[in-house]
Amino acid sequence: MIVEMRNDADDRDVEEVCAALRAVGGTPRLIRWAAAQRLVVSADLKCAPGGLTDRAGVRRVVQPSGDFCLTSREFHSAGTVVEVGGIGIGGSEFVVIAGPCAVESAEQLREISDAVTEAGAVILRGGAFKPRTSPYSFQGLGMKGLRLLDRRRRQTGLPVVTEVMQPEQVELVAASSDVLQIGTRNMQNFPLLKEVGRSRRPVLLKRGMCATVKEWLLAAEYVMAEGNPHIVLCERGIRTFETASRFTLDLTAVPIVRRHSHLPVLIDPSHATGHAYLVGPMTLAAAAAGADGVMIDVHTDRAAARCDGSQALRPAEFKALVADLERLLSGFDRKLARNPDGPGAAGSLVPGRAVQPPTRSAARW
Ligand code: PEP
Ligand code: MN
């Protein structure tokens with residue numbers, strides 16, 4: 001159960017709500033939410049104690065019917081728009097994020113960021129800390145890569161998304177980037193989820209390659225339960241018996257997530273498929289399925305890329321794909337997000353696209 005307190009509720013109002021929940025066996029948890037709002041969550045209580053809604057300082061009581069609390073569409077029926085540098089992820093516009101899998105040098109980052117921006121990308125991706133399957137593979141430039149990303153975002157004004165792998169590095173990565181990426185291998189790294197939850201930076205939470213949608217949304221719940229509501233989900237393929245592609249892109253995740261949760265959802269067709277020739281078709285399919293955007297690997301010299309070259313598009317291929325995407329989106333009355341005129345405040349929560357709210361039974365898992 002979620003008890004949303006009014007902004008003018010005082011500490012005594014909050015304590016009295018907590019006491020009322022404890023009295024019926026609940027374990028209330030106070031969450032400091034965006035815009036000075038406070039929530040009291042007691043996920044173990046399925047029934048509100050009598051008179052709770054009439055208590056001083058209480059705005060409303062929400063009783064989600066499934067396993068999700070703060071991620072549930074029953075809590076926030078309009079979709080969430082996560083704002084990143086003035087670009088809304090989750091609104092009516094489709095957001096294209098692109099860049100190299102890994103930052104390799106200042107020159108490489110400059111060339112690729114110029115090419116992807118010119119083609120229509122509005123957020124730059126690039127890994128500094130790379131979670132590689134083999135310890136002998138390129139591990140990323142680390143701190144040097146982070147400094148290169150930070151310098152590029154300051155030079156161009158382009159927001160940057162980059163992966164953070166350790167709780168101790170969250171503050172540092174948050175100071176040098178605009179979005180904290182949690183990779184597939186860390187989707188259930190709970191100390192890391194809690195630490196990004198304590199940050200105010202938007203979080204791009206990739207789906208674990210062996211995680212169900214329910215486990216993925218519960219991972220998002222960990223971040224939100226620490227008070228950070230600015231989460232963007234990213235489907236990046238799951239492990240199946242199929243070997244023709246690197247993973248199997250689960251496009252059903254898009255409408256499933258949108259039905260149960262108010263959080264925006266992106267697709268990463270590059271890591272999902274592992275092959276450049278599959279990136280275009282899966283990008284278009286993601287847009288048709290209702291995704292809020294895509295994140296695509298682009299490299300100017302695929303053969304020389306130090307990480308995941310086989311799945312990277314060349315700048316010209318990327319540009320042609322963005323043009324196709326724009327044509328497809330127009331059929332759905334949607335547009336590509338464009339660079340905003342001015343910088344916006346990162347991370348504000350505003351109403352998003354309308355979606356059929358789930359029926360109570362549909363929200364059960
Ligand atoms: C990435 O986007 O750089 C990455 C490593 O992705 P994933 O965690 O999905 O493998
Ligand atoms: Mn990669």
Side-chain angles (χ1 to χ4, degrees), residues 89 95-104 108-109 112-113 116 121 123-135 137-142 145-146 148-149 159-166 169 173 177-189 192-193 196 202-211 213 215-216 219-220 223 231-240 245-251 253-254 265-276 278-279 282-283 286 291 293-299 301-313 318:
I89 308 180
V95 174
V96 177
I97 304 174
C101 177
V103 178
E104 297 170 15
Q108 175 243 23
L109 195 60
I112 299 177
S113 63
V116 298
I123 299 176
L124 177 67
R125 65 145 291 145
F129 301 100
K130 296 301 304 176
R132 303 306 301 278
T133 302
S134 165
S137 302
F138 174 54
Q139 304 285 309
L141 294 182
L146 194 60
L148 292 176
L149 280 169
V160 158
V161 51
T162 196
E163 180 159 353
V164 59
M165 296 206 295
Q166 296 177 40
Q169 285 177 335
V173 176
S177 66
D178 301 279
V179 182
L180 300 167
Q181 179 173 324
I182 303 292
T184 190
R185 293 159 184 84
N186 273 317
M187 190 206 81
Q188 284 187 319
N189 179 338
L192 182 60
L193 295 176
V196 297
V203 174
L204 190 149
L205 179 63
K206 288 200 152 190
R207 178 179 180 181
M209 63 179 84
C210 295
V213 173
E215 288 162 341
W216 185 22
V223 178
I231 302 173
V232 179
L233 299 165
C234 181
E235 157 64 37
R236 48 79 66 213
I238 51 174
R239 181 141 282 169
T240 68
S245 57
R246 190 176 175 194
F247 295 92
T248 298
L249 178 64
D250 179 12
L251 273 179
V254 173
V265 57
L266 305 182
I267 290 290
D268 177 343
S270 309
H271 288 84
T273 64
H275 298 283
L278 293 172
V279 169
M282 292 305 97
T283 296
V294 280
M295 182 159 83
I296 296 177
D297 281 11
V298 174
H299 206 288
D301 187 353
R302 221 154 65 188
R306 298 187 73 185
C307 187
D308 290 345
S310 61
Q311 69 195 30
L313 294 186
F318 176 67

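Order of listing sets the numbers, starting from 1, for every ligand and every atom in it. Just the heavy atoms: all of them, side chains too, but no hydrogens, waters or symmetry mates, feed the values below.
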(message) What I'd like to find out is whether the side chain of Ile182 reaches to under 4.5 Å of the side chain of Val203, using heavy atoms alone.
(response) yes
(message) Can you confirm whether Ile123 sits close enough to Ile89 that some side-chain heavy atom of one is under 4.5 Å from a side-chain heavy atom of the other?
(response) yes
(message) Taking the basic N atoms (NZ, or NE/NH1/NH2) and the acidic carboxylate oxygens, is any pair closer than 4.0 Å for Arg246 and Asp308?
(response) yes
(request) Have a look around the Mn ion (ligand 2) and list protein N/O/S atoms under 2.8 Å, or say none. (result) Cys101 SG, His271 NE2, Asp308 OD2
(message) Whether Arg207 and Glu235 form a salt bridge (side-chain N of Lys/Arg under 4.0 Å from carboxylate O of Asp/Glu) is what I want to check.
(response) yes
(request) Decide yes or no for Lys206 and Met295: does some side-chain heavy atom of the first lie under 4.5 Å from some side-chain heavy atom of the second? (result) yes
(message) Keeping Thr184 on the side-chain end and Met209 on the backbone end, is there a donor-acceptor pair under 3.5 Å?
(response) yes
Give every pair formed by an N or O atom of ligand 1 and a protein N or O atom closer than 3.5 Å, one pair per line with both atom names and the distance to 0.1 Å, or write none.
unit_1, atom_1, unit_2, atom_2, d
ligand 1, 2 (O), Arg125, NH1, 2.8
ligand 1, 2 (O), Gln181, NE2, 3.0
ligand 1, 2 (O), Lys206, NZ, 2.9
ligand 1, 3 (O), Arg125, NH2, 2.8
ligand 1, 3 (O), Lys130, NZ, 2.8
ligand 1, 6 (O), Lys206, NZ, 2.9
ligand 1, 8 (O), Thr184, N, 2.8
ligand 1, 9 (O), Lys206, NZ, 2.9
ligand 1, 9 (O), Arg236, NE, 2.6
ligand 1, 9 (O), Arg236, NH2, 3.4
ligand 1, 10 (O), Arg185, NH1, 3.0
ligand 1, 10 (O), Arg236, NH2, 2.9

(message) Using side-chain heavy atoms (C-beta onward) and a distance below 4.5 Å, is Leu204 in contact with Leu233?
(response) no
(request) Output the distance between atom CD1 (Ile296) and atom OG1 (Thr283), rounded to the nearest 0.5 Å. (result) 3.5 Å
(message) Counting C-beta onward and ignoring hydrogens, is there a side-chain heavy-atom pair between Val116 and Ile112 closer than 4.5 Å?
(response) yes
